[in-house]
Amino acid sequence: MKQYDIVVIGFGKAGKTFAKFSAQQGKKVAVIEASKEMYGGTCINIACIPTKTLVEASNEGLSYSDALARKNDVVAALNKKNYHNIADEENVDVIDGVAKFVSNKEIDIALTDGGNETVTADTILINTGATTNMLSIDGVDSPLVYDSTSIMNLKEQPKRLVIIGGGYIALEFASMMNQFGTDVTVLERSSQILSKEDPDIADAVRNDLSDRGIEFITDVDTKEITTENDVAKVHTSTGDYEAEAVLVAAGRHPNTENLGLENTDIKVGEHGEIVVDEKLQSTVDGIYAAGDVVGGMQFTYKSLDDFRIVKSQVFGDGSRTQNNRGEIPYAVFITPVLARIGLTAQEAKDKGFDVLENQLPVNQIPRHKINNDPRGLFKVVVDNENSHILGATLYGQNAEELINYIKLAMDNDIPYTYIRDAIFTHPTMSESFNDLMKF
């Protein structure tokens, strides 16, 4: 059994950053990664970077094949860069293999090239990410059925695509593939796409995407998928839908199933997530978990902040925790972009706040004429008692950038009145905040 100071399981954002920092502090570190294709983690290889590369390519008018080639080049370059960024550190061993706990601090590794190795450390960070949820329906194992990872390796652009699910991943692919010229049908089980979003925003998104030719079927149950002559038929409660490809976009769950956690005192939640405290420590002292494997929001920038928290616990004064990290924004890269932070008006009311809400259609922002894009709707929610911003949803061009201004205001208790009266450059999308914040 080989002794390390720190063992990191998984090559994701939190794990790789913690490994490099720890090595630079003189610690002997092992990073265990099950797949060479995942050096650098989910974001770089199968999520943020490749999907947004494809989105940008579709917006630029590239062909599907040219976009795919660009995506493959970008991913390959970043995968290689991330590997060497860690492996070239003097104090880091990158071990290719599948990790499995045999006790609280003892990890067996089934090496990719054969054989086994056992390692141990006083400090262990689990950063194994999440795995796609697949539906329990007949035919889901068809070669014409894809998840969000495998569909990005589809060499031929399908003429028709059926997407099962109406959430964030589903709509990003729907918007992107529609831009490439594929006929897209979205099947959503509930009555509203983007079920966690403000209904006005969800309706605006649906209307805009429908105007582009995307078909939405809501209140529908998927029963079965059959395949004949290279065409998949999705059988549902409202009829059958045919396509050359079917995307199952039903979310992701923490990747803990084969970690051998049953051999430890590490507690796992009802969705398979590792249970952690505000310091990201598991129920075993010295074992931390970070990123998607702890459940909740699945974003690489949250994983990066998880690194900051673990670093604070292991090397610092322990002051940084999940409780003081501030609000976490997110963006959905449909066209135009949808970004969100904090509470919707209904969520704020449910929590007992005295709510003020305002909205501003993008077609009332002067910049929209320059952008030649009137689509979108901005909404903000504030606390009437102290003028603090409780949340905002921005659907429109540049929303992925604008939402960060709102985060800064919320984290620093800047009242909405400051933004209402602030001086912004013109003509910009950010100057819309002057009008958005008028109540």
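Nothing fancy with the numbering, it's 1 onward along the sequence. The model shown is predicted, which means the values in this text are computed figures rather than measured ones.
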K.L.:
For Asp277, is there an ion pair with Lys279 - N to carboxylate O distance below 4.0 angstrom?
P.N.:
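No, Lys279 and Asp277 are not salt-bridged.
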K.L.:
Which heavy atom of Ile365 sits nearest a heavy atom of Thr428, and at what distance?
P.N.:
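Heavy atoms of Ile365 and Thr428 come nearest at CG2-O, 4.2 Å.
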K.L.:
Looking at side-chain heavy atoms only, is the closest gap between Tyr146 and Val246 below 4.5 Å?
P.N.:
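Counting from C-beta outward, Tyr146 and Val246 never come under 4.5 Å.
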K.L.:
Return yes if some donor-acceptor pair links the side-chain N/O of Asn178 with the main-chain N/O of Ala174 below 3.5 Å, else return no.
P.N.:
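A pair under 3.5 Å: no.
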K.L.:
For Asn258, is the CG atom crowded, meaning more than 12 foreign heavy atoms sit under 6.0 Å from it?
P.N.:
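For Asn258, atom CG is not crowded (no more than 12 foreign heavy atoms under 6.0 Å).
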K.L.:
Would you say the side-chain atoms of Asp383 and His388 include a donor-acceptor pair closer than 3.5 Å?
P.N.:
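No donor-acceptor contact under 3.5 Å links the two side chains.
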K.L.:
Report the distance from atom CD1 of Ile151 to atom CG of Leu161, rounding to the nearest 0.5 Å.
P.N.:
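Between Ile151 CD1 and Leu161 CG, I get 5.0 Å after rounding to 0.5 Å.
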K.L.:
Could you check, using the six-membered ring where one of them is a Trp, whether Tyr330 and Tyr301 have ring centers closer than 6.0 angstrom?
P.N.:
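No; Tyr301 has its ring centre 6.0 Å or more from that of Tyr330.
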K.L.:
Counting only N and O atoms by type, is there a donor-acceptor contact under 3.5 Å from the side chain of Asn434 to the main-chain atoms of Arg420?
P.N.:
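It does hold such a pair.
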K.L.:
Has Asn45 got a side-chain atom pairing as donor or acceptor with Tyr39's backbone, closer than 3.5 angstrom?
P.N.:
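Judged by distance alone, yes, a pair lies under 3.5 Å.
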K.L.:
Restricting to side-chain contact (heavy atoms from CB on, under 4.5 Å), what partner residues turn up for Thr120, sequence neighbours left out?
P.N.:
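side-chain contact (heavy atoms from CB on, under 4.5 Å) check on Thr120 returns Met1, Gln3, Lys105.
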K.L.:
Under 3.5 Å, side chain of Arg252 to main-chain N/O of Ala130, donor-acceptor pair present?
P.N.:
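Flag set: sc Arg252 to bb Ala130 pair under 3.5 Å.
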K.L.:
With a 4.0 Å cut-off, would you call Arg367 and Glu431 a salt bridge?
P.N.:
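Here Arg367 does not pair with Glu431 in a salt bridge, since their nearest N and O are not under 4.0 Å apart.
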K.L.:
For Phe18 and Tyr288, what are the C-alpha separation, side-chain angles and deciding distance, and is it a ring pair (Phe, Tyr, Trp, His ring centres under 6.0 Å)?
P.N.:
CA-CA 11 Å; Phe18 184 65; Tyr288 298 85; 7.6 Å; no
K.L.:
Considering only NZ, NE, NH1 and NH2 on the basic side and carboxylate oxygens on the acidic side, decide whether Glu60 and Arg70 come within less than 4.0 Å.
P.N.:
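So Glu60 pairs with Arg70 through a salt bridge.
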K.L.:
Mark yes or no for whether Asp292, through its side chain, and Pro254, through its backbone, hold a donor-acceptor pair below 3.5 Å.
P.N.:
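No: the side chain of Asp292 does not pair with the backbone of Pro254.
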K.L.:
Under 3.5 Å, is there a donor on one side chain and an acceptor on the other for Asn358 and Lys379?
P.N.:
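Their side chains do not contain a donor-acceptor pair, so the 3.5 Å distance test is not met.
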K.L.:
Evaluate the side-chain contact (heavy atoms from CB on, under 4.5 Å) criterion for residues Thr236 and Leu187: first the C-alpha distance (whole Å), next the side-chain angles of each, then the deciding distance (0.1 Å), finally the verdict.
P.N.:
CA-CA 9 Å; Thr236 78; Leu187 306 177; 3.8 Å; yes
K.L.:
With the threshold set at 4.0 Å, does a side-chain nitrogen-carboxylate oxygen contact exist between Lys28 and Asp93?
P.N.:
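Looking at Asp93 together with Lys28, the answer is yes, because their closest N to O distance falls below 4.0 Å.
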K.L.:
Would you mind reporting whether Ile163 and Val248 have side-chain heavy atoms less than 4.5 Å apart?
P.N.:
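Result no, sub-4.5 Å side-chain heavy-atom pair not found.
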K.L.:
Above 12 or not: heavy atoms from other molecules or residues under 6.0 Å from CD of Glu90?
P.N.:
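Counting other residues, nucleotides and ligands, CD of Glu90 stays at 12 neighbours or fewer.
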K.L.:
Give me the atom names and distance for the closest heavy-atom approach of Lys16 to Ile86.
P.N.:
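Shortest heavy-atom contact: O-CD1, 3.2 Å.
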K.L.:
Side chain of Ser312, backbone of Ser319: donor and acceptor closer than 3.5 Å?
P.N.:
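Present.
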K.L.:
When you measure from the side chain of Ser282 to the backbone of Val276, do you find a donor-acceptor pair of N or O atoms at a distance under 3.5 Å?
P.N.:
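Checked: no pair found.
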K.L.:
Test Ser63 against Asp66 for side-chain hydrogen bond (donor to acceptor under 3.5 Å, both in side chains), laying out the working first.
P.N.:
CA-CA 5 Å; Ser63 69; Asp66 287 345; 3.2 Å; yes
K.L.:
Closest heavy-atom contact between Ser148 and Phe173?
P.N.:
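Closest pair (atom of Ser148, atom of Phe173, distance): O-CZ, 3.5 Å.
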K.L.:
Does Gly12 offer a backbone N or O that forms a donor-acceptor pair with the side chain of Asn127 under 3.5 Å?
P.N.:
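A pair under 3.5 Å: yes.
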K.L.:
Within a strict 4.5 Å, meaning less than it, do heavy atoms of the Met410 and Ile341 side chains meet?
P.N.:
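They are in contact (side-chain heavy atoms under 4.5 Å apart), so the answer is yes.
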K.L.:
For the CE atom of Met429 and the CD1 atom of Ile370, what is their distance to the nearest 0.5 Å?
P.N.:
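One gets 10.5 Å once the value is rounded to the nearest 0.5 Å.
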K.L.:
Has the side chain of Asn207 got a donor or acceptor atom that lies under 3.5 Å from a matching backbone atom of Asp203?
P.N.:
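Answer holds: yes.
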K.L.:
When you compare the side chains of His368 and Gln364, does any donor N or O come within less than 3.5 Å of an acceptor on the partner?
P.N.:
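Checked: His368/Gln364 side chains show no N/O donor-acceptor pair below 3.5 Å.
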K.L.:
Check the pair Leu377, Ile201 against side-chain contact (heavy atoms from CB on, under 4.5 Å), reporting the backbone distance first and the verdict last.
P.N.:
CA-CA 7 Å; Leu377 177 67; Ile201 297 290; 3.9 Å; yes
K.L.:
Can you confirm whether Asn372 is buried at CG, in the sense that more than 12 heavy atoms of other residues, nucleotides or ligands lie under 6.0 Å from that atom?
P.N.:
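Counting other residues, nucleotides and ligands, CG of Asn372 stays at 12 neighbours or fewer.
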K.L.:
If we only count heavy atoms from C-beta on, is the Val205 to Leu194 side-chain gap below 4.5 Å?
P.N.:
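Answer yes - side chains close enough.
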K.L.:
Inspect the contact between Arg325 and Asp305 and indicate whether a charged nitrogen and a carboxylate oxygen are less than 4.0 angstrom apart.
P.N.:
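Yes, Asp305 and Arg325 are salt-bridged.
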K.L.:
Drop me the distance from Asn255's CG to His253's NE2, to the nearest 0.5 angstrom.
P.N.:
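Taking CG in Asn255 and NE2 in His253, the distance rounds to 6.5 Å.
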K.L.:
Go through the steps to decide whether Phe315 and Phe21 satisfy the test ring pair (Phe, Tyr, Trp, His ring centres under 6.0 Å), and finish with yes or no.
P.N.:
CA-CA 10 Å; Phe315 292 99; Phe21 178 85; 5.3 Å; yes
K.L.:
If we count only N and O atoms by modelled type, under 3.5 Å, do the side chains of Arg212 and Ser175 hold a donor and an acceptor together?
P.N.:
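Yes.
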K.L.:
Taking atom types as modelled and ignoring hydrogens, do the side chains of Tyr241 and Thr238 form a donor-acceptor contact shorter than 3.5 angstrom?
P.N.:
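There is such a pair (donor and acceptor under 3.5 Å, judged by atom type) between the side chains of Tyr241 and Thr238.
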K.L.:
Could you tell me whether the side chains of Thr218 and Gln192 share a donor-acceptor contact shorter than 3.5 Å?
P.N.:
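Thr218 vs Gln192: no donor-acceptor pair found between side chains.
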K.L.:
Looking only at the side chains, is there a donor atom on one of Ser150 and Asp147 sitting less than 3.5 Å from an acceptor on the other?
P.N.:
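Short answer, yes.
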K.L.:
Can you tell me if CD on Gln24 sees more than 12 non-hydrogen neighbours from other groups inside 6.0 Å?
P.N.:
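Yes, CD of Gln24 has more than 12 neighbouring heavy atoms, counting only those of other groups under 6.0 Å.
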K.L.:
Quick one, Phe216 with Leu209, criterion side-chain contact (heavy atoms from CB on, under 4.5 Å). Give me CA distance, side-chain angles, the key distance, then yes/no.
P.N.:
CA-CA 9 Å; Phe216 290 94; Leu209 293 179; 3.7 Å; yes
K.L.:
If you measure from CD1 on Ile309 to CD on Gln281, what distance do you get to the nearest 0.5 Å?
P.N.:
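Here the interatomic distance stands at 13.0 Å.
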K.L.:
Quick check against the 3.5 Å criterion: does Glu401 have a side-chain atom that pairs as donor or acceptor with the backbone of Ala399?
P.N.:
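It does not hold such a pair.
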K.L.:
Is any side-chain heavy atom of Phe333 closer than 4.5 Å to one of Asn59?
P.N.:
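They are not in contact (no side-chain heavy atoms under 4.5 Å apart), so the answer is no.
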K.L.:
Taking atom NZ of Lys100 and atom OG1 of Thr264, what is their separation to the nearest 0.5 Å?
P.N.:
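Output value for this atom pair is 12.0 Å.
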K.L.:
Would you say that Ile124 contacts Ile107 through its side chain, given a criterion of any heavy-atom pair below 4.5 Å between the two side chains?
P.N.:
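With C-beta onward as the side chain, the pair touches.
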K.L.:
Would you say that Val381 contacts Tyr416 through its side chain, given a criterion of any heavy-atom pair below 4.5 Å between the two side chains?
P.N.:
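Side-chain contact under 4.5 Å: no.
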K.L.:
Output, in order, the C-alpha distance, side-chain angles, deciding distance and verdict of side-chain hydrogen bond (donor to acceptor under 3.5 Å, both in side chains) for Asp122 and Tyr4.
P.N.:
CA-CA 8 Å; Asp122 290 334; Tyr4 289 89; over 6 Å; no
K.L.:
List for me each residue that meets salt bridge (charged side-chain N to carboxylate O under 4.0 Å, His left out) alongside Lys52, sequence neighbours excluded, and say none if there are none.
P.N.:
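Applying salt bridge (charged side-chain N to carboxylate O under 4.0 Å, His left out) to Lys52 gives Glu172.
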K.L.:
What distance separates Ile403 CD1 from Thr393 OG1, expressed to the nearest 0.5 Å?
P.N.:
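The OG1 atom of Thr393 is 7.0 Å from CD1 of Ile403, to the nearest 0.5 Å.
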K.L.:
Could you tell me whether the side chain of Leu247 reaches within less than 4.5 Å of the side chain of Ile164, counting heavy atoms only?
P.N.:
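No, every pair of side-chain atoms sits at 4.5 Å or beyond.
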K.L.:
With no hydrogens and no angle check, do the side chains of Lys20 and Asn85 hold a donor and an acceptor under 3.5 Å apart?
P.N.:
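The criterion, which ignores hydrogens and geometry beyond distance, is satisfied for Asn85 and Lys20.
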K.L.:
Please identify each residue that fulfils salt bridge (charged side-chain N to carboxylate O under 4.0 Å, His left out) with Glu347, with sequence neighbours left out.
P.N.:
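For Glu347, the residues satisfying salt bridge (charged side-chain N to carboxylate O under 4.0 Å, His left out) (neighbours in sequence not counted) are Arg340.
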